[in-house]
Amino acid sequence: MSGKVLTITSGKGGVGKSTTTANLALGLALAGKKVVAVDLDIGLRNLDMILGLENRIVYDVVNVVEKVCRIKQALIKDKRTDNLFLIAAAQTRDKSAVKPEQVIELTNELRKDFDFIILDSPAGIEGGFRNAMLPADEVIIVTTPEISSVRDADRVIGILEANDKKEMSLIINRVNPVLVRKGDMMSKDDVLQVLSIPLIGFVPEDENIVSYTNIGEPSILHPESPSGKAYKNITQRILGKDVPFMEIVEKKKGIIEAIISFFKE
Amino acid sequence: MFLDFFKKKKKSSAQRAKERLQIILAHERATNKAPFLDDLRKDLIKVVAKYVDIDPESIDVTLQKDNSIEVLEINIPIK
């Protein structure tokens with residue numbers, strides 16, 4: 001088996017990289033692929049909590065590259081599927097604890113046993129980001145429709161075009177249909193006109209994500225939620241299926257709901 | 001309220017965000033692609049000013065891509 005390395009990055013922090021990583025990893029695993037998600041945000045470990053696996057960590061990625069343990073010992077199996085494993089970031093070290101050649105060696109080992117190796121990159125464009133880029137076959141850039149996030153995404157795209165010539169695609173996250181309609185938020189087409197890389201998906205803003213993250217259950221486990229549906233579509237596209245982009249619909253209020261919310265406001 | 005009706009329709013904030021991004025990113029892409037442009041500009045000013053009287057502010061150094069040919073354009077107006 002020779003697995004594919006997929007890196008999730010963004011430039012700007014807080015746009016939903018780890019949430020995206022968790023959802024796509026779980027989605028691909030639920031679709032029957034053998035997946036390992038590796039948290040490369042050394043020192044700021046988060047993917048473990050988003051996946052609800054924080055209590056199972058014994059060894060982390062720094063232990064693996066320093067050969068304190070074998071890869072197998074650091075693979076944390078997901079609760080919901082036998083197809084998904086996590087290698088957690090170290091929490092007590094910093095980004096310099098992992099060297100580029102060590103990440104390449106690790107991913108080359110993982111390629112033998114997994115269909116997909118998904119790397120959660122740290123924010124920024126420094127060493128940690130470069131570590132996550134080097135082994136990637138494909139890079140998914142996450143942005144929100146906000147100027148700082150789009151600008152930083154453009155910087156990342158520029159760096160990748162100049163150095164690595166990786167295959168890139170874009171996820172536009174947290175699109176709020178009401179604000180887009182009012183002209184107060186860039187639409188997905190606006191963002192696409194600014195950043196000219198292919199779109200692999202857009203995720204509507206979904207207030208459910210907060211509570212899903214609270215309990216360590218990524219939205220893809222709730223396919224009825226808007227974000228769950230969007231992530232499921234992206235998973236299918238990664239698997240090469242041609243899934244049309246969904247229309248974002250504003251949540252329609254029933255007349256009673258409208259009256260209640262009128263009084264609430 | 002009804003006065004708004006007569007006002008020219010204002011651009012939406014999303015539209016403005018997009019335009020601002022397009023302008024700043026065009027600039028940033030050019031400098032990121034050729035980070036030497038700024039240094040080149042400074043050196044040119046030094047050399048040319050030795051021989052002719054120029055206004056340092058008016059020197060224009062740009063890198064443009066025309067089809068597949070990259071053109072380094074240097075514009076130095078002499079006083």
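Throughout, protein chains are lettered first and strands after them, A, B, ... in sequence-line order, and every chain is numbered starting at 1.
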Considering residues, nucleotides and ligands other than A:E101, do more than 12 of their heavy atoms fall under 6.0 Å from its CD?
yes
Anything in residues 147-156 of chain A with a heavy-atom distance to chain B below 4.5 Å? Please list those residues in order.
A:I147, A:V150, A:R151, A:D154, A:R155
Filtered by a 4.5 Å non-hydrogen cutoff, the part of residues 227-237 of chain A contacting chain B is none
Does any backbone or side-chain atom of A:Q193 lie under 4.5 Å from a heavy atom of chain B? Answer side chain, backbone, both or neither.
both
Of the listed B:R16, B:R20, B:Q22, B:E28, the one with the largest count of heavy-atom pairs under 4.5 Å with chain A is B:E28
Show me, pair by pair, the donor-acceptor contacts under 3.5 angstrom made by side chains of residues 40-51 of chain B, not counting sequence neighbours?
residue	atom	partner	partner atom	Å
B:R41	NH1	B:I59	O	2.4

Go through the structure and list residues passing side chain to side chain donor-acceptor pair (under 3.5 Å) with B:D55, not counting sequence neighbours.
none
Is any side-chain heavy atom of A:I50 less than 4.5 Å from a side-chain heavy atom of A:N23?
no
Going by an N to O cut-off under 4.0 Å, is there a salt bridge joining A:K95 and A:D41?
yes
Of the non-hydrogen atoms in A:S121 and A:T9, which two are nearest, and what is the gap between them?
OG-OG1, 3.0 Å
Using 4.0 Å as the upper bound for N to carboxylate O, is an ion pair formed by A:E146 and A:K12?
no
If we check side-chain contact (heavy atoms from CB on, under 4.5 Å) with A:L6, which of these qualifies: A:I238, A:L119, A:D137?
A:I238
Within a radius of less than 6.0 Å around CD of A:E224, do more than 12 heavy atoms belonging to other residues, nucleotides or ligands occur?
yes
Output, in order, the C-alpha distance, side-chain angles, deciding distance and verdict of side chain to side chain donor-acceptor pair (under 3.5 Å) for A:D94 and A:S96.
CA-CA 6 Å; A:D94 64 52; A:S96 62; 2.4 Å; yes
Is A:S187 reaching over with its side chain to a backbone N or O of A:D190, donor-acceptor style, under 3.5 angstrom?
yes
Measure A:M186 against the heavy atoms of chain B and call it side chain, backbone, both or neither at under 4.5 Å.
both
